[in-house]
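Atoms considered below: every heavy atom in the structure, side chains included; atoms not considered: hydrogens, waters and symmetry mates. The model shown is predicted, which means the values in this text are computed figures rather than measured ones.
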Amino acid sequence: MRTAMLALAAGLLLLRLLPQLPPISALSIMFVVGLALLPFRCRAIGFLCLGLCWACLSAHWAMDDRLPAEMDGRTFWLEGRVTGLPEVRSGVVRFELEDISSRHTGLPSRMRLAWYDGPAVQAGERWRLAAKLKRPRGLINPHPFDYEAWLLARRIGASGTIKAGERVSDAE
């Protein structure tokens, strides 16, 4: 059992070594192969395949929940709930917004927003906001903090700057 769990963990970590995500069709084949190997002596290889398949599917779902390129740089009216603890630093309030509703389709389900000279924001409040959204992107330099990977790991599909907003309801 210990070998199977180590193989599953190795499959999950193997994603970090791939240069690009494999297509969904390859993942379905890998899933079937992994399941077929479980009853036999080479079950560790089966768990490795299942771990890699799980990690790749999770990465595909995170990549699919990003702001589309054609919506980059546009301003949208959004309504959503503040999650986590908002950060206030140098007059800038940064927070994450979830449960987002808008009349535009294709927006990500979670965003990180910044409000310059904005009011105090608390976790759990619902806000209606006009925000200029952009796709997550990081620096090209190889050694600094990778902001884009950090956003992807937190399942944040867009970042943006708030232009105007109003509180819809208090924290629940």
Residues, nucleotides or ligands: over 12 heavy atoms within 6.0 Å of D64 CG:
yes
Test of understanding: clusters of I, L, V, M, F, W, Y form through side-chain heavy atoms closer than 4.5 Å, transitively. Do L151 and I162 belong to the same one?
no
Using the salt bridge (Lys or Arg N to Asp or Glu O under 4.0 Å) definition, which of the options K132, R137, R135, R66 pairs with D72?
R137
Separation between OG (S102) and CZ (R128), nearest 0.5 Å, reads 11.0 Å
Residues A55 and G11: closest non-hydrogen pair is CB-O, 4.5 Å
Between E87 and R112, does any NZ, NE, NH1 or NH2 come within less than 4.0 Å of an OD or OE carboxylate oxygen?
yes
Heavy-atom pair of closest approach, residues L27 and P22
CD2-CG, 3.9 Å
Out of curiosity, S169 OG to E79 CD, how far, rounded to the nearest 0.5 Å?
8.0 Å
Hey, could you give me the CG/NZ distance between L129 and K163, rounded to the nearest 0.5 Å?
12.5 Å
CG of L6 to CG of L48, rounded to nearest 0.5 Å, is 11.0 Å
What pair of heavy atoms forms the shortest contact from R94 to A114, and how long is it?
CG-CB, 4.0 Å
Parallel, tilted or perpendicular, as decided by the 30° and 60° cut-offs, for the rings of F76 and H104
perpendicular
Note, R43 side chain near T3 side chain (heavy atom, < 4.5 Å)
no
Between L52 and W61, is there shared hydrophobic-cluster membership here, with clusters defined by ILVMFWY side-chain heavy atoms closer than 4.5 Å?
yes
Matching residue for W127 among W77, F95, W115 - test: ring pair (Phe, Tyr, Trp, His ring centres under 6.0 Å):
W115
Looking only at heavy atoms, which two atoms of A123 and G84 are closest? And how far apart?
CB-O, 3.0 Å
Of all heavy-atom pairs linking P119 and V93, the shortest is O-CG2, 3.8 Å
Go through the steps to decide whether L113 and T161 satisfy the test side-chain contact (heavy atoms from CB on, under 4.5 Å), and finish with yes or no.
CA-CA 6 Å; L113 302 173; T161 307; over 6 Å; no
With rounding to the nearest 0.5 Å, note down the distance linking OG in S25 to CE in M30.
10.0 Å
Under 4.5 Å between side-chain heavy atoms, counting indirect links through other Ile/Leu/Val/Met/Phe/Trp/Tyr residues: same cluster for V168 and V121 or not?
no
Same cluster or not: L57 versus L15, using hydrophobic residues (I, L, V, M, F, W, Y) connected whenever any side-chain heavy atoms lie under 4.5 Å apart?
yes
Flag side-chain contact, heavy atom, 4.5 Å: P108 against I156:
no
According to the interplanar angle, ranging from 0 to 90°, do the rings of F145 and Y147 count as parallel (below 30°), tilted (30 to 60°) or perpendicular (above 60°)?
tilted
Is there side-chain contact between M111 and L67, with at least one heavy-atom pair below 4.5 Å?
no
Consider side-chain contact (heavy atoms from CB on, under 4.5 Å). Of L14, L12, L18, I24, which one does C56 pass it with?
L18
Please test M63 against L152 for side-chain contact (heavy atoms from CB on, under 4.5 Å), starting from the C-alpha separation and ending with a verdict.
CA-CA 8 Å; M63 294 294 288; L152 185 64; 3.8 Å; yes
Let me confirm one number: the CG-OG1 distance from L133 to T75, rounded to the nearest 0.5 Å.
7.5 Å
How close do G34 and C49 get, heavy atom to heavy atom, and via which atoms?
CA-CB, 3.9 Å
Quick check: does any side chain N or O of D65 sit under 3.5 Å from a backbone N or O of R155, one acting as donor and the other as acceptor?
no
Kindly check if the number of other-residue, nucleotide or ligand heavy atoms within 6.0 Å of CD1 (I45) is above 12?
no
L21 with L17, same ILVMFWY side-chain cluster at under 4.5 Å
yes
